[in-house]
Peer 1: 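Mind having a look at this structure? Questions to follow.
When reading the values below, keep in mind they use all heavy atoms of this one structure, side chains included, and skip hydrogens, waters and symmetry mates. Reminder, nothing fancy here: chain letters follow the sequence lines and each chain counts from 1.
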Amino acid sequence: MSSPLLDSLNPEQLAAVTLPAASALILAGAGSGKTRVLTTRIAWLLATGQATPQSVLAVTFTNKAAREMLLRLSALTPLNTRGMWIGTFHGLCNRMLRAHHREAKLPALFQIIDTQDQLSLLKRLYKAHGIDDTRFPVRQLQWFIADAKEEGRRPNMVEASDDFTRQQVEHYALYEAMCQREGVVDFAELLLRSYELLTDHEALREHYRQRFSHILVDEFQDTNTLQYRWLRLLTGPETTVFAVGDDDQSIYAFRGAKVAHMQRFERDFATAARPVKLIRLERNYRSHGHILDAANALIRHNQARLGKELWTSEEKGEPIRAFVAASDVDEAAFAVDVVRALTADGLPLDEVALLYRSNAQSRVFEHALFGAGIPYRVHGGMRFFERAEVKHALAYLRLVAAADDDGAFLRVVNFPPRGIGARTQEQLQALAQRHGGSLAQATVSGAATGKAGAALTAFGRLLAKLRDEASVLPLPAAVEHVIHASGLVAHYAAEKDGQDRVDNLTELVTAATAFVREAGLDPDAPCVAPAVPTSEPSGEDASVAAIAPLPGFLAHAALEAGDTQAADGKAALQLMTVHAAKGLEFHTVFVTGLEEGLFPHENSLAAADGLEEERRLMYVAITRARRRLYLTLAQQRMLHGQLRYGIPSRFVSELPPGLVQWLPSAYGRMTAGETVERRARTTRAAPAASPWRIGQSVRHAKFGVGVIVDAEGGGNDARVQVNFRDAGVKWLALDYAKLEAA
DNA sequence: AAATGTGGAATTTTT
DNA sequence: TTCCACATTT
C-alpha cells in the first residue's frame with residue numbers, strides 16, 4: 001500500500017505505523033521519530049477505516065506533548081480531531097470525571113487543587129485537628145498521600161505496621177474527608193477517582209472499553225502504578241494498545257514511574273490470539289555518529305535494559321570535548337568563552353543549551369553570562385498560573401463558581417487587605433465548624449459584631465456582588481471584571497514594584513480569551529451557564545461538553561500551569577536541568593558539573609536503581625546534542641556554602657577514550673583569549689554585550705550613586721542588585737530603572 | 001500589616 | 001551560601 005502518509009518512513013517506522021490490530025510496544029530511541037510514528041499511526045488508522053476519531057484515545061504526560069500531537073495530527077488527517085480523546089492522563093481523567101461526577105461521588109463543579117493548594121489545605125487540616133507538624137512534617141504527609149494514591153491505595157488499604165504510619169494513615173483519611181467536604185480533588189485523586197469509577201461501574205467500563213478500540217500511550221516508561229492499571233482497565237478484549245517508550249530514558253522513578261511496566265507490557269497486554277508486537281526504532285535522525293557512539297557506550301553499563309543501539313547514516317562528526325575547570329567559576333568562564341566563539345561563527349544562541357544536574361548550579365552560570373552580556377533563559381521556576389497574583393485572581397473566580405470553596409475563601413478573605421486579621425478568621429472558622437458549613441456561609445449567618453464583623457459582612461457582600469455580576473458575563477469579561485472589582489488590580493497598581501503583577505492579571509484575561517477559543521466554546525455564553533461547544537459531537541459526549549466556561553477554565557488553570565516565562569522573541573542561551581531537557585534538542589550541548597556526588601548525585605546512590613537512573617539521565621543529556629557536545633567538570637566548587645573538591649564523574653570514564661578530546665585544563669590560569677577554543681577561531685562580532693558589569697559604578701535618578709553587586713535573569717528580565725551609597729542595597733529591573741554609568 | 005530575625009534544609013518535577 | 005517558612009517585633 002502506498003500513500004503519501006507513509007512516504008519517507010523507514011522500514012521500522014513503517015512497520016510500527018501499519019501494525020495489524022494487536023497491542024504493540026514500540027521501543028523508540030532518542031531522536032528516532034517517536035512523535036511522528038505516534039501521530040502517523042493514528043492518521044493511518046483513520047485513513048484505513050480501522051478507527052474513527054471517537055474510537056481513539058491518546059495519552060501523554062505533559063500538555064506540551066499533547067498539543068504537539070494534536071497539531072501534527074491535524075496536518076496528517078482531514079478528519080476533525082475534536083472527537084478524539086487526546087490529552088494528559090490527568091486531563092483525560094478530569095474529562096471522564098466531569099462527565100460522570102455523580103457516579104464518581106463528586107460535586108458537578110469539583111475544583112482541582114495543585115500542590116500549592118494541597119499544601120495549604122493540609123496546613124488547615126493540621127490546625128483543625130491539632131496535628132503536630134514537627135512530628136509529622138506537612139511535606140512528608142503530602143508525599144505520603146500522593147505515594148499511596150499513586151499506588152492505588154485508599155487509607156484503609158495502606159499497610160501500617162508501626163505507629164507512625166498508622167497515624168499518617170489517619171491523617172490521610174482526615175485529608176480525604178476534608179477534600180470531599182470542600183469538593184476539591186488533587187492531581188493523584190483525579191487518576192484514582194477515575195480508576196475507581198471504572199472499577200465500580202461495569203456499564204461505564206464496558207462503554208469506554210468498546211468506545212476506545214485504539215489506545216496510544218506516549219512516554220510509556222514514565223507510567224506509574226495507577227496509570228498502568230488505569231490503562232489495563234480501559235483495555236477490553238478488542239482494544240489494541242500502542243505503547244511508545246524508551247526504557248533508557250526513564251528518569252522519573254523518584255515520582256513513581258516504573259520502567260518495569262515496559263517488561264510487563266508484553267505479558268499483560270497480550271491476548272491468546274494476539275501476542276504483543278515489539279518494534280525497535282534505533283535509527284537516529286538527530287545526532288552525529290560520535291555523539292551516538294558515546295551514548296551507546298555509556299548506557300551499555302546499565303544492566304536492566306530491553307536493549308537498543310542507536311545508529312545514524314550521518315557522518316561521525318566532531319569529537320566530544322571535555323574540559324576540567326579549576327573551579328565552578330572557571331567552568332562558567334569556559335562556557336562563556338565557547339559560547340561567544342560559537343555565536344561569532346553564526347550559531348544562533350538558542351541552539352546552545354547548558355545542562356546541569358541540579359538547579360543550584362545555574363547561579364554561577366547566570367553570573368558569568370550576565371557579566372558577558374550573553375542573553376540567556378533559565379527554564380524552571382515559577383509558572384504563570386502559579387504566580388501569587390494569578391492564584392489570587394483564580395481564587396476569586398473559584399468563589400464565583402463555587403461559593404463554598406474554603407481554600408479560595410481563605411486565600412483572599414484579607415487580600416487585598418481589608419482588616420480581617422488572623423483572629424477574625426479563626427473565629428469564623430470555628431463558627432463554620434460548629435455549623436458544619438463553609439466559611440462563606442458562616443460569613444452570612446454569623447452574628448458579626450464590631451469592626452471586624454463589619455469588614456466580614458462587607459466581604460460577604462463583595463463576593464455576592466462578584467458572583468451576580470460575573471456569572472452572567474462571558475468568561476474573558478468575567479475575569480476582567482473580577483480582577484478589578486476584587487480590588488486586586490488597584491492594590492498591585494499602588495505597589496511600587498507591582499506593574500509586573502498587574503500585567504500578569506491582564507494576561508489572565510488574555511488566557512481566558514485563548515481558552516474559550518481553543519476549547520471551541522461560544523464566546524458570548526455566560527461563564528457559569530452550561531455551554532455546549534459548537535463543534536463537539538452531541539450524543540454520548542453531551543455531558544462532557546456541558547461544562548460551563550468558568551469551571552472549564554479553572555480546571556485548565558490547575559492542569560496546565562503554563563510557561564515559566566513567555567519567550568521574549570530574542571534568541572537566548574538555554575539553561576536547564578537535564579530533566580527539563582528531555583525531549584528537546586540543540587546544536588550544541590554543555591553537560592556540566594560532571595563530578596562524583598553531583599552527577600551522579602550522591603543522594604541517588606542509596607536508591608535501589610539509583611545509579612542506573614543517573615546513568616540514564618546522562619544518556620538523556622548526551623542525546624540532546626545534534627552536532628557538538630561539551631562535558632565539563634570543576635575541581636572545586638562552592639556547595640552549601642562549603643568548598644568541595646570534586647573528582648571526575650564515572651560517567652566520563654565510561655565513554656570510549658577515543659571519542660573524547662580533552663581540552664587543556666589550565667583555563668583558570670590562562671588569560672582570556674588563550675584557550676584552544678578561542679585560538680581555533682578568530683572572534684568576530686561578539687553578541688551585543690550588556691553595558692553593565694558586576695562591580696561597575698552606576699547612577700540612579702532617585703537612589704544616587706552605587707555599585708552593581710549582583711545580577712540575575714537574561715534579556716528583558718535582567719535585574720541587577722545595586723549597593724547605593726545612600727539608599728542601601730536594591731534590586732532593579734534593567735528594563736525599567738534608568739541606570740547610567742557613573 | 002510590614003519589617004526583621006531565626007532555623008533548617010539544600011536532586012530531579014508534571015499534573 | 002542561599003533560600004524558604006515561620007515567628008517575632010515594630
Peer 1: Which nucleotide in the set dT15(B), dA1(B), dT14(B) lies at the smallest distance from any side-chain heavy atom of Arg255(A)?
Peer 2: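 From the listed options, dT14(B) comes nearest.
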Peer 1: Given 3.5 Å as the limit, does a donor-acceptor pair link the side chain of Asn224(A) with the main chain of Leu226(A), or not?
Peer 2: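 Yes; judged by distance alone, with no hydrogens or angles, the pair exists.
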Peer 1: Hey, is Asp218(A) close enough to Lys34(A) for a salt bridge, meaning N to O under 4.0 Å?
Peer 2: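 Looking at Lys34(A) together with Asp218(A), the answer is yes, because their closest N to O distance falls below 4.0 Å.
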Peer 1: Quick one: which of dT15(B), dA1(B), dT13(B) gets closest to the side chain of Thr577(A)?
Peer 2: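 The closest nucleotide is dT13(B).
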Peer 1: Please report, rounded to the nearest Å, how far the P atom of dT14(B) is from the CE atom of Met576(A).
Peer 2: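 Between P of dT14(B) and CE of Met576(A): 12 Å.
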Peer 1: Minimum heavy-atom separation for Leu92(A) to Ala58(A), with atom names?
Peer 2: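 The answer is CD1-O, 3.9 Å.
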Peer 1: Please confirm whether the shortest side-chain N or O distance from Asn603(A) to OP1 or OP2 of dT12(B) is below 4.0 Å.
Peer 2: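 No.
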Peer 1: Under 4.0 Å, counting only non-hydrogen atoms across every strand here, what does Phe89(A) touch: a base, just sugar-phosphate, or nothing?
Peer 2: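 No contact at all - Phe89(A) keeps every heavy atom at 4.0 Å or more from the nucleic acid.
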Peer 1: Do the side-chain N or O atoms of Arg383(A) get closer than 4.0 angstrom to the phosphate oxygens (OP1, OP2) of dT15(B)?
Peer 2: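 So the side chain of Arg383(A) is within the cut-off, an N or O lying under 4.0 Å from OP1 or OP2 of dT15(B).
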Peer 1: OP1 or OP2 of dT12(B) less than 4.0 angstrom from a side-chain nitrogen or oxygen of Asn359(A), does that happen here?
Peer 2: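 For Asn359(A), the contact criterion (side-chain N or O under 4.0 Å from OP1 or OP2 of dT12(B)) is met.
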Peer 1: So, the side chain of His392(A) versus the backbone of Ala388(A): is there a donor-acceptor pair under 3.5 Å, distance only?
Peer 2: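 A pair under 3.5 Å: yes.
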Peer 1: Just compare dA5(C), dT15(B), dT12(B) and give me whichever is closest to any side-chain atom of Ser358(A).
Peer 2: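 Looking only at side-chain atoms, Ser358(A) lies closest to dT12(B).
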Peer 1: Would you call His601(A) stacked on dT11(B), i.e. ring centres under 5.5 Å apart with the planes less than 30° off parallel?
Peer 2: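 Stacking is present between dT11(B) and His601(A), given that their ring centres fall under 5.5 Å apart and the planes under 30°.
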Peer 1: Could you tell me whether Asp186(A) and Lys149(A) have a side-chain N and a carboxylate O separated by less than 4.0 Å?
Peer 2: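 Salt bridge present between Asp186(A) and Lys149(A).
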Peer 1: Can you tell me if the side-chain N/O atoms of Lys64(A) get under 4.0 Å from OP1 or OP2 in dT15(B)?
Peer 2: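 For Lys64(A), the contact criterion (side-chain N or O under 4.0 Å from OP1 or OP2 of dT15(B)) is not met.
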Peer 1: Measure from CZ on Arg357(A) to P on dT12(B) and round the result to the nearest Å.
Peer 2: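 So the CZ-P distance, Arg357(A) to dT12(B), works out to 7 Å.
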Peer 1: Using only side-chain N and O atoms of Asn63(A), determine if any of them is under 4.0 Å from OP1 or OP2 of dT15(B).
Peer 2: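 Answer yes for this pair, as a side-chain N or O of Asn63(A) is under 4.0 Å from OP1 or OP2.
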Peer 1: Looking at Arg363(A), does any N or O in its side chain come under 4.0 Å of the phosphate oxygens OP1/OP2 on dT2(C)?
Peer 2: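 Affirmative; the distance criterion is met.
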Peer 1: Taking atom C1' in both dC3(C) and dT14(B), compute the distance separating them and give it to the nearest angstrom.
Peer 2: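 dC3(C) and dT14(B) have their C1' atoms separated by 23 Å.
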Peer 1: Going by centres under 5.5 angstrom and planes under 30 degrees, do the aromatic ring of Phe254(A) and the base ring of dT12(B) stack?
Peer 2: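 Base of dT12(B): stacked against Phe254(A).
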Peer 1: Considering every strand and a 4.0 Å limit on heavy-atom distances, what is the contact class for Lys123(A): base, sugar-phosphate, or nothing?
Peer 2: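 It contacts sugar-phosphate atoms only.
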Peer 1: Assign Asp186(A) to base, sugar-phosphate, or nothing according to its heavy-atom contacts below 4.0 angstrom with the strands shown.
Peer 2: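 Contact class for Asp186(A): none.
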